[in-house]
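Here is the structure we will look at, set down as structure tokens.
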Amino acid sequence: MEIHNRVVFITGGAHGIGRALCRAVHMAGGKVAVADIDLRAAEVVAEEVGGLALQVDVSREDDVIQAIDRVESGLGLIDIFISNAGVVFGDGPDGAASAPNEHWQACLDINLMAHVYAARTMVPRMVRRGGGCLVNVVSAAGLLCQVGEAAYTASKHAAVGFAESLAITHGDEGIQ
């Protein structure tokens, strides 16, 4: 995939895998939008890569839409959207069934619905432009069970299913 001169939006871009992705995109000559709930950390990464920092709570669809609009009006049309933000909490003291509802909901909102929110906004725009790429980072837990992480594993399995649905439904429209 050609990255040079492409606009790449990366959620969870201030830490870990997201920060590494921001650096890699920058090294490949891409324009980077560093989106993270931690604005200060996003600003540090954005300064390092010459990108745009955005504070985004990916569990809120309005935040995702507003960030996309801001990037497209300020940095350029998004060619590649990397939905990388994620959370993990661990099971409760008595295993999967005892994990608190808040942990389940956060895993579903951030590890799954954030992908849905990005796709709802980006797919129609990318189709009109002739194509684009959505990358949903899901970890090995999307394919295998991660012991002690039932909510995380379930949300990542669902994210894989959603990504496969997108590929099947929109592949012929230029969406990778």
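We count residues from 1, following the sequence as given.
- With respect to the salt-bridge test (charged N to carboxylate O, under 4.0 angstrom), the residues Arg70 and Asp63 do not qualify.
- Although no hydrogens or angles enter the test, the distance criterion places no donor-acceptor pair under 3.5 Å between the side chain of Glu72 and the main chain of Leu77.
- Nearest approach of Ala67 to Val56, heavy atoms of both residues: CB-CG2, 3.4 Å.
- Cluster annotation: Leu166 and Val8 are assigned to distinct hydrophobic clusters (Ile/Leu/Val/Met/Phe/Trp/Tyr, side-chain heavy-atom contacts under 4.5 Å, transitive).
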**OP:** Walk me through it: do Tyr117 and Ser59 pass the test side-chain hydrogen bond (donor to acceptor under 3.5 Å, both in side chains)?
**Re:** CA-CA 9 Å; Tyr117 301 150; Ser59 72; over 6 Å; no
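- Cluster membership check: Met122 shares its hydrophobic cluster with Leu52, using side-chain heavy-atom separations under 4.5 Å among Ile, Leu, Val, Met, Phe, Trp and Tyr.
- Taking 4.5 Å as the limit, some side-chain heavy atom of Met126 sits within range of a side-chain heavy atom of Leu134.
- Nearest heavy-atom pair, Asp91 versus Ala150, reported as atom, atom and distance to 0.1 Å: OD1-N, 2.8 Å.
- To the nearest 0.5 angstrom, Arg6 atom CZ is 8.0 Å from Ile3 atom CD1.
- Applying the salt bridge (Lys or Arg N to Asp or Glu O under 4.0 Å) test to residues at least two apart or on different chains, the pairs with a partner in residues 16-27 are Arg23-Glu48.
- In this structure a side-chain-to-backbone donor-acceptor pair under 3.5 Å is missing from Glu173 to Ile175.
- A donor-acceptor pair is defined here as one N or O able to donate and one able to accept, closer than 3.5 Å; such a pair exists between the side chain of Arg129 and the backbone of Ile78.
- Sorted pairs that involve residues 150-171 and meet salt bridge (Lys or Arg N to Asp or Glu O under 4.0 Å), not counting sequence neighbours, are lacking altogether.
- Other residues, nucleotides and ligands place more than 12 heavy atoms under 6.0 Å from the CG atom of Leu108.
- Residue Ser98 comes nearest to Pro93 through the heavy atom pair OG-N, 3.5 Å, listed as atom of the first residue, atom of the second, then distance.
- Formation of a donor-acceptor pair under 3.5 Å by the Asp79 side chain with backbone atoms of Val7 is found in this model.
- Two different hydrophobic clusters hold Ile80 and Val116 under the rule that ILVMFWY side chains link at heavy-atom gaps under 4.5 Å.
- When every heavy atom of Tyr152 is checked against every heavy atom of Val138, the shortest pair comes out as OH-O, 4.5 Å.
- When Ile82, Val71, Val25, Val135 are each tested for a side-chain contact (heavy atoms from CB on, under 4.5 Å) with Phe9, only one passes: Val71.
- Heavy atoms only, all atoms of each residue included: Gly90 and Ala99 are closest at O-CB, 4.4 Å.
- Note that CD1 of Ile17 is 12.0 Å distant from SG of Cys22, once rounded to the nearest 0.5 Å.
- A 4.5 Å side-chain heavy-atom check between Phe81 and Cys133 finds every atom pair outside the cut-off.
- Closest approach of Ser155 to Cys107, counting heavy atoms only: CB-O, 3.5 Å.
- Here the side chains of Val137 and Ser83 are not in contact, with every heavy-atom distance at 4.5 Å or above.
- Every residue was checked against the ring-ring contact (aromatic ring centres under 6.0 Å, His included) condition with His26, not counting sequence neighbours, and none meets it.
- Clustering ILVMFWY residues whenever any of their side-chain heavy atoms sit less than 4.5 angstrom apart, transitively, puts Ile37 in a cluster other than the one holding Val87.
- Scored by the side-chain hydrogen bond (donor to acceptor under 3.5 Å, both in side chains) test, His157 finds no partners at all (sequence neighbours excluded).
- Cluster membership for Val58 and Ile68, using ILVMFWY side-chain heavy atoms within less than 4.5 angstrom, is shared.
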**OP:** Determine, stepwise, if the pair Ile10 / Val32 fulfils side chain to side chain contact (heavy atoms under 4.5 Å, CB included).
**Re:** CA-CA 7 Å; Ile10 302 170; Val32 184; 4.2 Å; yes
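- Under a 3.5 Å cut-off, the side chain of Thr11 and the backbone N or O of Asn84 do form a donor-acceptor pair.
- You'll find the side chain of Glu47 stays beyond 4.5 Å of the side chain of Val44, heavy atoms only.
- Within the structure, salt bridge (Lys or Arg N to Asp or Glu O under 4.0 Å) pairs that include any residue of residues 27-45 do not occur (at least two apart or interchain).
- Looking at residues two or more places apart in sequence or on another chain, you find a side-chain hydrogen bond (donor to acceptor under 3.5 Å, both in side chains) between Asp109 and Gln105.
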